[in-house]
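In what follows, a single structure is set out as structure tokens and then discussed.
Count residues from 1 along the sequence. The figures that follow rest on heavy atoms only: side chains count, while hydrogens, waters and symmetry mates do not. These figures come from a predicted structure and were not determined experimentally.
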Amino acid sequence: MSKPAAVLVVTSVDSEAAAQAMARAVVAERLAACVQVAPVASVYRWRGGIEEAREWVCQMKTTPERIETLTARIRALHSYEVPEIIALPVLSGYPPYLQWVADSVGEA
């Protein structure tokens, strides 16, 4: 399989303020080109029980080269004991957009 054109990294946090703070930090640090924040209702298994919570999903666009550093930064900013951090390859997309992602997370 060839290298992905870009990567979509997804995490969820417990408040809109935490989501906005994380989004601003990773964009300012050039770890993500863009972060979309959206509220969701989550149902999940945790410590033997079924939990329900309102969360905010952060979808971050980055490059394959930035995944490791972005993941470490998410961990440092995150309040959850076991945060969701999932990286999904973007196999293709609109070339000018993918170039913008690459340019946005490249050297300043």
Side-chain angles (χ1 to χ4, degrees):
M1 176 189 234
S2 63
K3 181 171 137 183
V7 179
L8 178 67
V9 176
V10 180
T11 193
S12 56
V13 296
D14 61 358
S15 72
E16 184 176 12
Q20 292 296 339
M22 183 177 293
R24 287 190 171 279
V26 299
V27 170
E29 296 167 20
R30 301 181 72 88
L31 300 175
C34 167
V35 180
Q36 292 173 312
V37 174
V40 296
S42 295
V43 178
Y44 55 94
R45 183 172 302 281
W46 182 246
R47 298 194 172 160
I50 305 242
E51 302 284 334
E52 294 184 31
R54 183 158 173 88
E55 294 184 296
W56 281 259
V57 172
C58 299
Q59 296 182 341
M60 306 175 188
K61 284 65 148 206
T62 194
T63 60
E65 296 79 17
R66 299 300 256 168
I67 293 171
E68 189 175 315
T69 306
L70 176 57
T71 298
R73 188 66 174 124
I74 292 168
R75 280 292 301 130
L77 293 167
H78 219 294
S79 66
Y80 290 0
E81 182 180 338
V82 181
E84 168 190 22
I85 304 173
I86 299 172
L88 305 166
V90 176
L91 301 179
S92 84
Y94 183 53
Y97 179 82
L98 297 175
Q99 186 60 55
W100 170 79
V101 169
D103 293 346
S104 296
V105 299
E107 294 296 319

Starting from [Y], can I reach [X] by hopping between I/L/V/M/F/W/Y residues whose side chains sit under 4.5 Å apart?
X    : Y   : value
V105 : V26 : no
V37  : V57 : no
M22  : V9  : yes

Evaluate side chain to side chain contact (heavy atoms under 4.5 Å, CB included) for E29 paired with T69, printing each intermediate quantity in order. CA-CA 10 Å; E29 296 167 20; T69 306; over 6 Å; no
Are [X] and [Y] close enough that some pair of their side-chain heavy atoms sits under 4.5 Å apart?
X   : Y   : answer
V7  : R66 : no
T62 : L31 : no
L77 : R73 : yes
V27 : C34 : no
L8  : V10 : yes

Throw together a table of side-chain donor-acceptor distances under 3.5 angstrom for residues 40-53, partners on residues two or more places apart or in other chains.
from: S42; atom 1: OG; to: E55; atom 2: OE1; distance (Å): 2.5
from: R47; atom 1: NH2; to: E81; atom 2: OE1; distance (Å): 2.3
from: R47; atom 1: NH2; to: E81; atom 2: OE2; distance (Å): 3.1

May I ask you to decide if L70's main-chain N or O and R75's side chain share a donor-acceptor pair within less than 3.5 Å?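 Not confirmed, R75 side chain does not pair with L70 backbone.
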Atom of A33, atom of S104 and distance for their closest heavy-atom approach: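 Of all heavy-atom pairs spanning A33 and S104, the closest is CB-CB, 3.5 Å.
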Rounded to the nearest 0.5 Å, how far apart are OG of S15 and CD of Q20?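 Rounded to the nearest 0.5 Å, the OG-CD separation comes out at 9.5 Å.
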Expected list for residues 82-99: side-chain donor-acceptor pairs under 3.5 angstrom, two or more places apart:
from: E84; atom 1: OE1; to: S12; atom 2: OG; distance (Å): 3.1
from: Q99; atom 1: NE2; to: D103; atom 2: OD1; distance (Å): 2.7

Could you point out which residue of M60, K61, Q59 forms a side-chain contact (heavy atoms from CB on, under 4.5 Å) with V35?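 In the set M60, K61, Q59, the residue that makes a side-chain contact (heavy atoms from CB on, under 4.5 Å) with V35 is M60.
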